[in-house]
Number of protein chains: 2
Amino acid sequence: MDRDAERPRERGPRVATSEGLEALSGLRGALERSSTAERVADALRERIIDGALAPGARLSEEALGQALGVSRNTLREAFRLLGHERLLVHRFNRGVFVAEPELADVVDLYRVRRALELDAVRRADRSPKGAVARVGAAVEEGEAAAGRGDWWGVGTANMRFHQALAALADSPRTDEVVRRLLAELRLVFHAMAAPRDFHVPYVALNRRIHRLLEEGRLEEAAEELSDYFDVAERQLVEAFSEEPEGVGEPDPR
Amino acid sequence: MDRDAERPRERGPRVATSEGLEALSGLRGALERSSTAERVADALRERIIDGALAPGARLSEEALGQALGVSRNTLREAFRLLGHERLLVHRFNRGVFVAEPELADVVDLYRVRRALELDAVRRADRSPKGAVARVGAAVEEGEAAAGRGDWWGVGTANMRFHQALAALADSPRTDEVVRRLLAELRLVFHAMAAPRDFHVPYVALNRRIHRLLEEGRLEEAAEELSDYFDVAERQLVEAFSEEPEGVGEPDPR
DNA sequence: GATCGGTGAATTGTTCAACAATCCTCATGA
DNA sequence: TCATGAGGATTGTTGAACAATTCACCGATC
């Protein structure tokens, strides 16, 4: 075989990059054409996260492919994308299903989040500029949503809050891992009874943590966050224990 | 407390599950036939990790597919799999390449590892039985490899050591994340000059950490590990900085 | 009546061939 | 030297096909 594979040619054509052009680099993401598989994955992710596709539901390749107007092969690529995010589980020869987090998953989710987010908060003094401000923005978003009684919006803002906390670590990999954990957590919320009462109380807590961050009292912020996790996890575990879960899942056949 | 393990709906046939059957559940993984894509991914992963496929190498769909005797579609599935592990990078309309970690990746890698592994060590008192022993096994494996001058084996044992440390957290997600980080780190080693001198000194350090773990002196173990990270990271960063290897690395667009 | 076993439809796993879209190389011309 | 196309090579995506597997249904048996 080709052991010694060809490396991409170095020293490519070096275009005259005036510094002004650098400003455009931000647009790159927008211009970047995405593959159909990715767009399909985006669409499905949305449906899963907002609950249109319930946990445990099976996603038929043929039916979905026809509905979305893509081929089975492309759809499979999208499935794999979401499988990696743990939103779908792929069972060999059996198909893909929307993931059904169980109690053990909830506990595990919080274990990893605790490690990563606490570490991020503790090193917030070395965070890039604007990172703490973004935490504040998420707090305000949550307060606004709570003000107009939009509890789903509160949940979304809450996610953004924690994503912003993770971003304090200034680490792309931390960002990615936490994003995945939070998406999974959304799935957990669908399995519990009263998401309204779950999200809302944390608005005030978020505000407190942000204030501590702004004042540079990182250790206190970390402790506050740790308590936060304790409470939230316990609440989720309770909700999961009493909940008989998955009642009346009609299998469409 | 044992929820439905894998079947979404199971109402009717309740087999008399004697407790003895539970013991078999461990075998399930072994029986599970893997898809061709997964096997292809395994083969490629091996070649990447042991260096047969150098960082930056481009993997042609047609050529590789023919060489491995699988269709392009299946090969693409395997590419996706390895892309998620960050061993391959997929550039739209351009193909897949073996990842080329840069300095920033090294730093990021260590940042996440530090957070997760330190957290795991600190909660080692709540680890499942045998977890600390597995750390010890990795230490001995490293010592044996060092004894016979097998520095690549030392590197492998080192990976296993850190994987075992992460396992102290008793968290499947931590395991998975760390496994991915370590695989990526292997790639980094290929880009540096003298891996021999890099791995060997840590054998003694691993032994010290394991001893502290056994004695339950977790905080000291964590501190030792933290120093470990400091040294290793600095060494890697240096190796990356002086290394002329990456010169003329054209920024991928 | 419940369990076991087989039959057949439905679904997934995998391959193949084809075409469109895109990128890369290279020759050409100013 | 630099820009410009044209052509070839490679990837993105589709649709169809077939093998392999699962699942639901239906008797046969005790």
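Sequence lines set the chain letters: A, B, ... in the order given, protein chains first and strands last, and positions in each chain run from 1.
Of the side-chain N and O atoms in T36(B), one or more sit less than 4.0 angstrom from OP1 or OP2 of dT14(C). Side-chain nitrogen and oxygen atoms of R91(B) include none within less than 4.0 Å of the OP1 or OP2 phosphate oxygen of dT10(D). Side-chain N/O atoms of H90(A) include one lying less than 4.0 angstrom from OP1 or OP2 on dG13(C). Put simply, R76(B) has no side-chain N or O that comes within less than 4.0 Å of OP1 or OP2 on dT14(C). Residue R94(A) has a polar side-chain atom (N or O) positioned under 4.0 Å from OP1 or OP2 of dC23(D).
Both tests do not hold together for R114(A) against Y110(A): distance to the six-membered ring centre under 6.0 Å, angle to the ring axis within 45°.
Going from atom OG1 of T36(A) over to atom CG of L75(A) covers 11.0 Å, rounded to the nearest 0.5 Å.
Distance L75(A) CG to dT11(C) P: 14 Å, rounded to the nearest Å. Between the P atom of dT14(C) and the CG atom of L68(B) lies a distance of 14 Å, rounded to the nearest Å. What separates CD of Q66(B) from P of dA17(C) is a distance of 11 Å, to the nearest Å. One atom, CD of E61(A), and another, P of dA16(D), lie 16 Å apart when rounded to the nearest Å. One interatomic measurement links the two molecules: CZ of R72(A) to C1' of dT14(D), which rounds to 12 Å at whole-angstrom precision. Taking atom CD on E62(B) and atom P on dC16(C), their separation rounds to 11 Å, with Å as the unit.
The nearest heavy atom of DNA chain D to N73(B) and to S60(B) marks one nucleotide each, and the one closer to the 5' end goes with S60(B).
Here the side chain of V70(A) is nearest to one of dG13(C), dT14(D), dT13(D), namely dT14(D). Among the nucleotides dT14(D), dG12(D), dG13(C), the one closest to any side-chain atom of S71(A) is dT14(D).
No side-chain heavy atom of R173(A) sits under 4.5 Å from any side-chain heavy atom of R180(B).
Side chain of H84(A) to main chain of L81(B): no donor-acceptor pair is present (N/O by atom type, distance under 3.5 Å, no hydrogens or angles).
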